[in-house]
Amino acid sequence: MQPMSTAGAAGTPPSWKQLLLHALQANSHLKHSSYFQFATVGANGRPSNRTVVFRGFQDETDRIQINTDSRFRKDLNLISLVQIEDLKHCPFAEICWYFTDSWEQFRINGMVDVIDGSNPDPAKLQRKVPLAPAVVDVNFLLTLKGVYNLAFDPQRIHDRTGFNNFLELHSIPEDVMQQREKSWFASSLRSRMQYLGPDVGLPSINEELPKNISLDPFVGPVGAFCLLVLDPEKVDYLNLKTNTRQVFECSGSLNGDRCWTSGRINP
């Protein structure tokens with residue numbers, strides 16, 4: 001396969017990521033285009049597979065983010081959520097992502113970082129991350145408003161320049177959001193509420209959440225919330241419309257940038 005220089009923070013994305021971004025754009029009118037299958041291997045050697053939601057790339061890298069519930073029961077065979085114990089036993093996983101409109105499939109293989117409230121690695125749990133260069137997250141602004149008791153309308157801050165001026169005006173450091181916290185606040189309030197529901201996998205007694213459960217939109221992640229970050233090592237791309245298949249493999253780093261090789265194979 002021919003070598004292909006790629007993605008560091010300052011470089012261009014790898015070709016497979018460009019293909020994926022194009023597929024996401026081409027299929028964006030389909031709600032299910034942000035869902036993919038995520039497979040792991042348990043301590044018993046058996047595979048587990050489930051459908052999860054794409055939560056974006058981490059910063060400007062090619063690492064893929066997934067939110068999940070860290071609650072589990074070892075005595076139950078749960079296949080509806082990502083079992084954290086599976087990943088602690090075997091940290092490798094594979095994504096299978098099919099786009100129905102463009103007839104494209106991505107199989108993305110790599111190692112997964114588990115970032116939950118009990119993560120023993122402070123560098124992962126407390127790693128600071130800035131907002132994306134051109135994006136201002138309203139949930140983030142609402143959080144700042146509550147934490148710092150500020151009087152302003154988040155909807156009036158439309159661009160990066162306005163956001164920088166806001167930070168300077170109120171003397172707030174740009175990187176106040178932690179990695180796990182940023183993913184939490186990027187989720188809708190309805191999505192966050194599910195982590196306050198009954199323990200996953202237990203017999204269902206009441207289908208609705210208790211009416212007395214509430215969630216402060218300014219409070220950080222609850223204990224059950226877990227962020228998974230898949231670091232791709234191999235990508236198998238298949239286009240059924242053109243009947244072509246291409247494999248991308250990460251061969252290490254060069255000057256801080258990840259290096260990939262790619263080549264076409266028979267479909």
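Numbers here are sequence positions counted from 1.
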Quick one: name the residues clustered hydrophobically with [X], using the 4.5 Å side-chain heavy-atom rule over I, L, V, M, F, W, Y, and just say none if it's on its own.
X      : value
Leu238 : Tyr98, Trp103, Leu240
Val41  : none
Val53  : Tyr35
Leu30  : none

query: Mind checking what makes salt bridge (Lys or Arg N to Asp or Glu O under 4.0 Å) contact with Glu104, not counting sequence neighbours?
result: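 Checked Glu104 against salt bridge (Lys or Arg N to Asp or Glu O under 4.0 Å); zero matches.
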
message: Run the salt bridge (Lys or Arg N to Asp or Glu O under 4.0 Å) test against Asp101 and tell me which residues pass, sequence neighbours left out.
response: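 Expected list: none.
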
message: Tell me whether the rings of Trp97 and Phe36 are parallel (<30°), tilted (30 to 60°) or perpendicular (>60°).
response: tilted

Do any N or O atoms from the side chain of [X] and from the backbone of [Y] form a donor-acceptor pair under 3.5 angstrom?
X      : Y      : result
Thr40  : Asp86  : no
Thr61  : Gln58  : yes
Trp184 : Val219 : yes
Arg192 : Pro217 : yes

query: Considering residues at least two apart in sequence or located in another chain, which fulfil the ring pair (Phe, Tyr, Trp, His ring centres under 6.0 Å) criterion with Phe92?
result: none

task: Kindly write out the residues that satisfy ring pair (Phe, Tyr, Trp, His ring centres under 6.0 Å) with Tyr237, not counting sequence neighbours, or none if the list is empty.
output: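 So Tyr237 forms a ring pair (Phe, Tyr, Trp, His ring centres under 6.0 Å) with Phe106.
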
Under the side-chain hydrogen bond (donor to acceptor under 3.5 Å, both in side chains) test, which residues partner [X], sequence neighbours left out?
X     : answer
Gln65 : none
His89 : none
Gln37 : Thr51
Asn67 : Ser183, Ser187

query: Do the non-hydrogen side-chain atoms of Trp16 and Pro232 ever get within less than 4.5 Å of each other?
result: yes

field: Distance-only donor-acceptor check, side chains His32 and Thr100, under 3.5 Å
entry: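 Their side chains do contain a donor-acceptor pair, which is all the 3.5 Å distance test asks for.
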
query: If you draw the axis of the six-membered ring of Phe248, does the NZ or CZ of Lys234 fall within 45° of it and under 6.0 Å from the ring centre?
result: no

Spatial distance of atom CG (Asn27) from atom OG (Ser34) [nearest 0.5 Å]: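 The OG atom of Ser34 is 11.0 Å from CG of Asn27, to the nearest 0.5 Å.
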
